[in-house]
Amino acid sequence: MTGEIILGPNVIIDFPSNPANVDPSCQGATPGQLAEFQVQTQEWFNLNNWEVYGSLADAQQGDVSKEMSVLDVEKIPCSSGGDTTGSYLRDEVLFPEDHSYRVNMGTQPLSLQKLNLAGKAYTSTNPFSDFLNTVSGKSQFNPGADRPTVNIGGSCTDVTGCACGNDAMKTVICAAVQCQVRGLQCDSPPTPRGHCCGVCGAVLTIGYGDNFNFQNLESYIRTQYLQQDKYQGVRTILSKSAVSRAGEVQLVLQDDAPGTQNGQTAAAMAQEVKDTLPAAGLGITAVDVQASTKGTGPSGQTGGRMGGGQIAGIVIGVIIVLLLIVLVAFFLVRRRSTPLELSLPKMPKMPKMPTFNGKKSLTNEFEMGGATFSNPNFDPNSPDHFSLSYSGVEDLGSSKGFNNPMYDNPVEDNPMYTDTSLSGTMDPASVTTTPPTTPDGDTRDGGIENPIYGLDNLQEVVMDAEC
């Protein structure tokens, strides 16, 4: 019978000679109870499961400060899709000895340079294939599923550089990446080929011709640019992509500047590389630069997206603008619906004059179509005549009158009000009227004046007065 026990971290199993001496503070299983452990299968193409180092010694030490900066697709061991021509990169894979694993490698062919597992190094294909067919191999790699073809051995032989070969799996790899978590604080971050998110810094596309050597370019960048004090802290990623045009390599520059300054030093270095690299005699024919810009605020942009503070500010601004629009519209509608009132002086109401229906005698009854009604305001005992007199303007003093500026002549300048000769009595019987005439020449007995007929057709009132 073959079996294994896989324990979680910091788990210790003790087999005491006398079960009665078990530590009473230990809570859990009772003697004879079955202990079950659940093992989670890890995905080969999940970049969060990998660390990238420049050498096997650094990887064995596990010092994260020595991790290399690589593109997202290169964080997965460059497997080249089973290529055996030497045109693609092949990485060396190390599974630490003090851990056990259960890994889903997928079904596509893999090509590795070397694989280290459980203290044993596999440098060729057949030995590792034999291991995959063992009980341990079946339980650790693609348990319960078909295992992929794994080619081991060989390396890149192209002096102009080799592509990683994981570009075809970029969609699967980037599914485990959340760009906003990376907390970029620059604006307009460019996205390199083979990367899931934008970067603060610069992306250079370098075209080359004859006599180009990938390692010579890598060495020149390190000695001619990175050793300058002004470019301290700048990180470089020089790579070749399978989806790029022929005759191109890519250089990514990033820096460790804090806050909104992040990427500015790398962008400055990119400009210098563009100006000087073609003349370095390395076979470089052209250099194209895409660089991020300085962040506009403390939150900057997050993976090419706006931060929470920026979004909240925009939302508040939009709400304020909408409220202002609503208030302005409300006052405009209210003002339009309210009649326009002008502060004009009110003229005194003129008393209404009765129409005498052609009669020349004044009594206390008015005839209307044969019907009569009494006027209670008319005194039947009043005399049959009345007097009108005008003796000039009485001086009321400054507190009882004023000059109306709407009229041309003030009171004191109008001679009419200074003429005291107008006085007399009027006999109502002497009042004569002339019937009105309509526009067609019709003269009727009685009626009212229509102001639209003009002044020439108004009813004439003849008053005989004794002056």
Approximate separation, where rounding is to 0.5 Å, of [X] [atom1] and [Y] [atom2]:
| X | Y | atom1 | atom2 | answer |
| --- | --- | --- | --- | --- |
| Q42 | N49 | CD | CG | 4.5 Å |
| I284 | T276 | CD1 | OG1 | 11.0 Å |
| M105 | D146 | CE | CG | 13.5 Å |
| E218 | N213 | CD | CG | 10.0 Å |
| N133 | K138 | CG | NZ | 6.0 Å |
| L71 | C78 | CG | SG | 9.5 Å |

Subject >> Stepwise side chain to side chain contact (heavy atoms under 4.5 Å, CB included) check, D58 with D63 >> reply: CA-CA 7 Å; D58 291 340; D63 187 357; over 6 Å; no
How about [X] and [Y]: do any of their side-chain heavy atoms sit closer than 4.5 Å?
| X | Y | value |
| --- | --- | --- |
| I316 | I320 | yes |
| T191 | V199 | no |
| M68 | Y53 | no |
| N116 | E92 | yes |
| L117 | F131 | yes |
| N151 | T149 | yes |
| T236 | L251 | yes |
| Q261 | D255 | no |

Original post:
So, does D187 use its side chain to make a donor-acceptor pair with the main chain of T293 at under 3.5 Å?
Top reply: no
Subject >> Distance-only side-chain donor-acceptor flag, S124 / N126, under 3.5 Å >> reply: no
Between [X] and [Y], how do the two ring planes meet: parallel, tilted or perpendicular, split at 30° and 60°?
| X | Y | value |
| --- | --- | --- |
| W44 | F95 | tilted |
| F212 | F214 | perpendicular |
| F141 | F128 | perpendicular |

**OP:** Quick one: list whatever passes side-chain contact (heavy atoms from CB on, under 4.5 Å) with N104, sequence neighbours left out.
**Re:** T41, E43, N142
Over all heavy atoms of both residues, which pair between [X] and [Y] is shortest? Give the atoms and the distance, please.
| X | Y | value |
| --- | --- | --- |
| D167 | V243 | CB-CG1, 4.2 Å |
| C156 | G161 | SG-C, 4.3 Å |
| R90 | Q113 | O-OE1, 3.2 Å |
| K114 | A121 | CE-CB, 3.6 Å |
| V172 | F45 | CG1-CB, 4.2 Å |
| P190 | A291 | CD-C, 4.1 Å |

Original post:
Are R193 and V73 close enough, and set up right, to give a side chain to side chain contact (heavy atoms under 4.5 Å, CB included), and what steps lead you there?
Top reply: CA-CA 9 Å; R193 290 189 181 96; V73 297; over 6 Å; no
[atom1] ([X]) with more than 12 external heavy atoms under 6.0 Å:
| X | atom1 | result |
| --- | --- | --- |
| K294 | NZ | no |
| Q232 | CD | yes |
| N48 | CG | yes |

Original post:
Can you check side chain to side chain contact (heavy atoms under 4.5 Å, CB included) on H195 and I237, steps first, answer last?
Top reply: CA-CA 11 Å; H195 214 53; I237 304 175; 5.7 Å; no
Original post:
Would the SG atoms of C186 and C200 measure under 2.5 Å apart?
Top reply: yes
Original post:
Salt bridge or not for R182 and D72, using N-O below 4.0 Å?
Top reply: yes
Subject >> Check ion pair R235-D256 (N to O, under 4.0 angstrom) >> reply: yes
**OP:** Under the side chain to side chain contact (heavy atoms under 4.5 Å, CB included) rule, what do S241 and Q250 come out as? Steps first, then yes or no, please.
**Re:** CA-CA 8 Å; S241 174; Q250 178 180 258; 6.0 Å; no
